[in-house]
Engineer: 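Have a look at the structure that comes next, please.
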Amino acid sequence: MIKLSVPHLAGKEKEYVDQAVESTWITPLGPWVDEFEHRLDRFLGKGCCAALSAGTAAIHLGLVMAGVKAGDEVICQSLTFSASCNPIVYLGASPVFVDSEPDTWNLSPVLLEEAILDRKRLTGRYPAAIVAVHLYGMPAKMDEINEIAARYGIPVVEDAAEALGARYKGRECGTLGLYGALSFNGNKIITTSGGGALVCPGPDEARRVRFLATQAREDKPYYYHTVIGYNYRLSNVSAAIGCAQIEELPWRVERRRTIHSIYVRELGAVDGITVHDNPGQDFDSNFWLSTILLDPAKIARTPDQLRVLLLEKGIETRLIWRPMHMQPVYADAPVYGGVCSEDIFARGLCLPSGSSLTDEEVISVCDMIKALI
């Protein structure tokens, strides 16, 4: 079975976990958590990281730190996973969905400004925050997004859950907004088995996030709370895995890029298939997942039909994220645009991209796709 993206254990994971167990530090907090945060900081080269239990927790606390409150509206990219917008609802706020643009598949700057101005006209207030996503590791047009956000005084929370190691204009994704959320779920570039981190502007903000993530317990000899907190800190054992994984991070990113280059070489010239690639020199995706679009005028099979046929041949693929404005749970949410993300969803397919795949396995996936279409 050729899987979509499986964890790749090739370093010192067992050694570090054994050390954590032998030290009896197996609960949240501990020396491996501190070390993991330091290693993330060094890799990103900017900001201060707070290690958390999930990428969703990172987005949640990023919105808390950005000042989002009950009754607010928050703009979010529609073409994304639900974890990008569910934390908006956790806070009693309401999502406003904005369509993607075709180059990056990410938040359209044109529609973003249209949405901001229209929400001000309708509600009398600007949205409280913007959640910008780097879909499948492809950087969003962050300079344009940040410029628009600054014009109206709106903080940007960057969902870089899929984009660790990706760069926009030479800068690391996760460091391009006021706050940046990372994910270390099992299928990501690196994993802690489950976990995430929030990239903060500085040490004071990171300390506040760590405080909120440990139930907001005040520094007293008894349990004392002045604000609502959360049980969101990463465990020491999970952080030990992360420390081993991050040692291999540059290689893992380059391996995914190599896998993507094979897809471009093998499928890029196939009539009816478009391999989604960096749209220009400003963009350097980590290609967490390589993706293709099928042209229904030239290929009779739908992405889902191709997915089923590939699965029967032992190849796991995945349909593109279904846009949030098409989800029943968000049926009543405002949406600006929608045509682009709906088209990508209708025609797109994610291909096996795990760093443990061999060149031969990737070529076999390409050969099978060409045979089945």
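Model, not experiment: these values are computed from the prediction.
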Engineer: As a quick check of understanding, evaluate salt bridge (Lys or Arg N to Asp or Glu O under 4.0 Å) for Lys169 and Glu144, giving each step before the final call.
Structural biologist: CA-CA 12 Å; Lys169 295 186 177 181; Glu144 295 177 48; over 6 Å; no
Engineer: Taking all non-hydrogen atoms of both residues, which atom of Val270 and which atom of Lys370 are closest, and how far apart?
Structural biologist: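 Smallest heavy-atom distance, with atoms named: CG2-CD, 3.8 Å.
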Engineer: Does either side chain, that of Arg119 or that of Tyr336, offer a donor lying less than 3.5 Å from an acceptor on the other one?
Structural biologist: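 Yes - a donor-acceptor pair under 3.5 Å links their side chains.
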Engineer: Verify, without hydrogens or angle tests, whether Ser23 (side chain) and Ala20 (backbone) share a donor-acceptor contact under 3.5 angstrom.
Structural biologist: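 Side chain of Ser23 to backbone of Ala20: a pair is present.
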Engineer: Roughly how far, to the nearest 0.5 Å, is CD of Glu361 from SG of Cys366?
Structural biologist: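 CD of Glu361 is found 12.0 Å from SG of Cys366.
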Engineer: Considering only NZ, NE, NH1 and NH2 on the basic side and carboxylate oxygens on the acidic side, decide whether Arg171 and Asp143 come within less than 4.0 Å.
Structural biologist: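 Looking at Asp143 together with Arg171, the answer is yes, because their closest N to O distance falls below 4.0 Å.
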Engineer: Side chains of Pro279 and Met138: closer than 4.5 Å at any heavy-atom pair?
Structural biologist: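 Counting from C-beta outward, Pro279 and Met138 do come under 4.5 Å.
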Engineer: Are Leu61 and Leu63 packed together at the side-chain level, in the sense that at least one heavy-atom pair is separated by less than 4.5 angstrom?
Structural biologist: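 Of all side-chain heavy-atom pairs linking Leu63 with Leu61, none is under 4.5 Å.
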Engineer: Please walk me through it: do Arg167 and Phe283 pass side-chain contact (heavy atoms from CB on, under 4.5 Å)?
Structural biologist: CA-CA 6 Å; Arg167 299 184 186 93; Phe283 305 87; over 6 Å; no
Engineer: Using distance alone, with no hydrogens and no angle criterion, decide if Tyr126 and Asp72 have a side-chain donor and acceptor under 3.5 Å apart.
Structural biologist: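 Looking only at side-chain atoms, Asp72 and Tyr126 do not form any donor-acceptor pair under 3.5 Å.
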Engineer: Are His325 and Tyr330 near enough that their ring centres are under 6.0 Å apart?
Structural biologist: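 No: the rings miss the under 6.0 Å criterion.
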Engineer: Within the 3.5 Å criterion, strictly below it, is a donor on Tyr152 or Glu113 matched to an acceptor on the partner's side chain?
Structural biologist: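 A pair is found: one side chain offers a donor N or O, the other an acceptor, under 3.5 Å apart.
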Engineer: Please state whether the rings of Tyr222 and Tyr224 are parallel, tilted or perpendicular, taking 30° and 60° as the class boundaries.
Structural biologist: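 The arrangement is perpendicular - the two ring planes meet at more than 60°.
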Engineer: Can you check side-chain contact (heavy atoms from CB on, under 4.5 Å) on Tyr168 and Asp284, steps first, answer last?
Structural biologist: CA-CA 6 Å; Tyr168 173 71; Asp284 192 9; over 6 Å; no
Engineer: Would you say Glu162 and His134 are linked by a side-chain donor-acceptor pair, where the criterion is simply a distance under 3.5 Å?
Structural biologist: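 Side chains of His134 and Glu162: no pair found under 3.5 Å.
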Engineer: Less than 4.0 angstrom from a charged side-chain N to a carboxylate O is my criterion; do Arg39 and Asp34 meet it?
Structural biologist: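 Between Asp34 and Arg39 there is no salt bridge, as every charged N stays at least 4.0 Å from the carboxylate O atoms.
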Engineer: Please determine if Asp295 and Arg347 form a salt bridge, counting it only when a charged side-chain N lies under 4.0 Å from a carboxylate O.
Structural biologist: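 Not counted as a salt bridge, because no side-chain N and carboxylate O are separated by less than 4.0 Å.
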Engineer: Looking only at heavy atoms, which two atoms of Cys76 and Ile88 are closest? And how far apart?
Structural biologist: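 Taking Cys76 first and Ile88 second, the nearest heavy atoms are CB-CD1, 4.0 Å.
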Engineer: Can Tyr16 and Glu247 be counted as having a side-chain donor-acceptor contact under 3.5 angstrom?
Structural biologist: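 Tyr16 vs Glu247: donor-acceptor pair found between side chains.
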Engineer: Does the side chain of Ile246 reach to within under 4.5 Å of the side chain of Leu40, using non-hydrogen atoms?
Structural biologist: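 Sidechains of Leu40 and Ile246: in contact.
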Engineer: May I have the step-by-step check of salt bridge (Lys or Arg N to Asp or Glu O under 4.0 Å) for Arg307 and Glu312, ending in yes or no?
Structural biologist: CA-CA 9 Å; Arg307 178 192 65 82; Glu312 291 173 353; over 6 Å; no
Engineer: For Leu372 and Met368: C-alpha separation, side-chain torsions, deciding distance, then whether side-chain contact (heavy atoms from CB on, under 4.5 Å) applies.
Structural biologist: CA-CA 6 Å; Leu372 291 172; Met368 188 58 66; 3.8 Å; yes
Engineer: Is the charged tip of Arg217 near the ring of Tyr223: under 6.0 Å from the six-membered ring centre and within 45° of its axis?
Structural biologist: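 Ring-cation test returns yes.
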Engineer: Do Ser84 and Asp159 meet the criterion of a side-chain donor-acceptor pair at a distance under 3.5 Å?
Structural biologist: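 Looking only at side-chain atoms, Asp159 and Ser84 do form a donor-acceptor pair, the distance falling under 3.5 Å.
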Engineer: Taking atom types as modelled, is there a side-chain donor on Gln77 or Asn106 under 3.5 Å from an acceptor on the other?
Structural biologist: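 The criterion, which ignores hydrogens and geometry beyond distance, is satisfied for Asn106 and Gln77.
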Engineer: What distance do Ile116 atom CD1 and Asp118 atom CG have between them, rounded to the nearest 0.5 Å?
Structural biologist: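 Here the rounded value is 11.0 Å.
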Engineer: Using the six-membered ring wherever Trp is involved, compare the ring planes of Phe184 and Phe36 and label them parallel, tilted or perpendicular (cut-offs 30° and 60°).
Structural biologist: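 Taking Phe36 first and then Phe184, their aromatic rings stand perpendicular (interplane angle over 60°).
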Engineer: So which heavy atom on Ser285 is nearest to which on Asn278, and how close?
Structural biologist: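 Smallest heavy-atom distance, with atoms named: N-OD1, 3.0 Å.
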Engineer: Which heavy atom of Ile145 sits nearest to which heavy atom of Pro109, and what is that distance?
Structural biologist: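 Heavy-atom minimum between the residues: CG1-CG, 4.4 Å.
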Engineer: Could you tell me if the side chain of Asn185 sits less than 4.5 Å from the side chain of Thr191, heavy atoms only?
Structural biologist: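 Not touching, per the 4.5 Å side-chain cut-off.
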Engineer: Is the shortest heavy-atom distance from the side chain of Arg301 to the side chain of Leu309 under 4.5 Å?
Structural biologist: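 Yes, at least one pair of side-chain atoms sits under 4.5 Å.
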Engineer: Can you name the closest pair of heavy atoms from Ser355 and His8 and give their distance?
Structural biologist: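 Shortest heavy-atom separation between Ser355 and His8 comes out as OG-ND1, 3.4 Å.
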Engineer: Using a 3.5 Å distance criterion without hydrogens, assess whether the side chain of Ser108 forms a donor-acceptor pair with backbone atoms of Ser100.
Structural biologist: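 Checked: no pair found.
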Engineer: In terms of hydrophobic clustering (I, L, V, M, F, W, Y; side-chain heavy atoms under 4.5 Å; direct or indirect links), are Ile292 and Leu4 co-clustered?
Structural biologist: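 No, it is not one cluster - the side chains of Ile292 and Leu4 are not joined through contacts under 4.5 Å.
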Engineer: Please determine whether a side-chain nitrogen of the Lys or Arg among Glu205 and Arg208 lies less than 4.0 Å from a carboxylate oxygen of the Asp or Glu.
Structural biologist: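 Salt bridge absent between Glu205 and Arg208.
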Engineer: Asn146 side chain to Val156 main-chain N or O, any donor-acceptor pair under 3.5 Å?
Structural biologist: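 Not a single qualifying donor-acceptor pair exists.
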Engineer: Given side chains that start at C-beta, do those of Val96 and Pro127 come closer than 4.5 Å, heavy atoms only?
Structural biologist: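 No, every pair of side-chain atoms sits at 4.5 Å or beyond.
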Engineer: When you look at Val133 and Leu107, which way does the side-chain contact (heavy atoms from CB on, under 4.5 Å) test go after all the steps?
Structural biologist: CA-CA 7 Å; Val133 185; Leu107 193 65; over 6 Å; no
Engineer: May I ask you to test the Ile273-Ile373 pair for a side-chain heavy-atom distance under 4.5 Å?
Structural biologist: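 The answer is yes, as the side chains (C-beta and beyond) meet within the 4.5 Å cut-off.
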Engineer: If you take all heavy atoms of Leu79 and Trp105, which pair is closest and at what distance?
Structural biologist: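 Reported closest heavy-atom pair: CD2-O, 3.8 Å.
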Engineer: Measure up the Tyr136 and Trp321 rings against each other and bin them: parallel (under 30°), tilted (30 to 60°), perpendicular (over 60°).
Structural biologist: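 The rings of Tyr136 and Trp321 lie parallel, inter-plane angle below 30°.
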Engineer: Hey, what do you get for CG (Asn286) to CD1 (Ile189), rounding to the nearest 0.5 Å?
Structural biologist: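 With rounding to 0.5 Å, CG (Asn286) is 4.0 Å from CD1 (Ile189).
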Engineer: Answer yes or no: is there an ion pair linking Asp103 with Lys141, defined by an N-O contact shorter than 4.0 Å?
Structural biologist: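 Answer for the salt bridge query: yes.
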Engineer: Regarding Glu114 and Lys120, does a basic nitrogen lie under 4.0 Å from an acidic carboxylate oxygen?
Structural biologist: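 No, Glu114 and Lys120 are not salt-bridged.
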Engineer: Do Asp277 and His260 have a side chain donor and acceptor closer than 3.5 Å?
Structural biologist: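 Side-chain D/A pair, Asp277 to His260: present.
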Engineer: Are Val237 and Leu52 connected into the same hydrophobic cluster when the rule is that any two of I, L, V, M, F, W, Y join if their side-chain heavy atoms are below 4.5 Å apart?
Structural biologist: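 Not linked; separate clusters.
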Engineer: Pick one: which of Val131, Leu111, Ile130 meets side chain to side chain contact (heavy atoms under 4.5 Å, CB included) with Val98?
Structural biologist: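 The passing option is Leu111.
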Engineer: Taking NZ, NE, NH1 and NH2 as the nitrogens, is one of them in Asp18 or Lys14 under 4.0 Å from a carboxylate oxygen of the other?
Structural biologist: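 The answer is yes: the pair qualifies as a salt bridge.
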Engineer: With a 4.5 Å limit on heavy-atom distance, are the side chains of Leu349 and Ile320 in contact?
Structural biologist: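 No - every pair of side-chain heavy atoms lies 4.5 Å or more apart.
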Engineer: I'd like to know if the side chain of Arg256 pairs up with that of Ser5 as donor and acceptor (distance under 3.5 Å, no hydrogens or angles considered).
Structural biologist: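 Checked: Arg256/Ser5 side chains pair up, N/O donor to acceptor below 3.5 Å.
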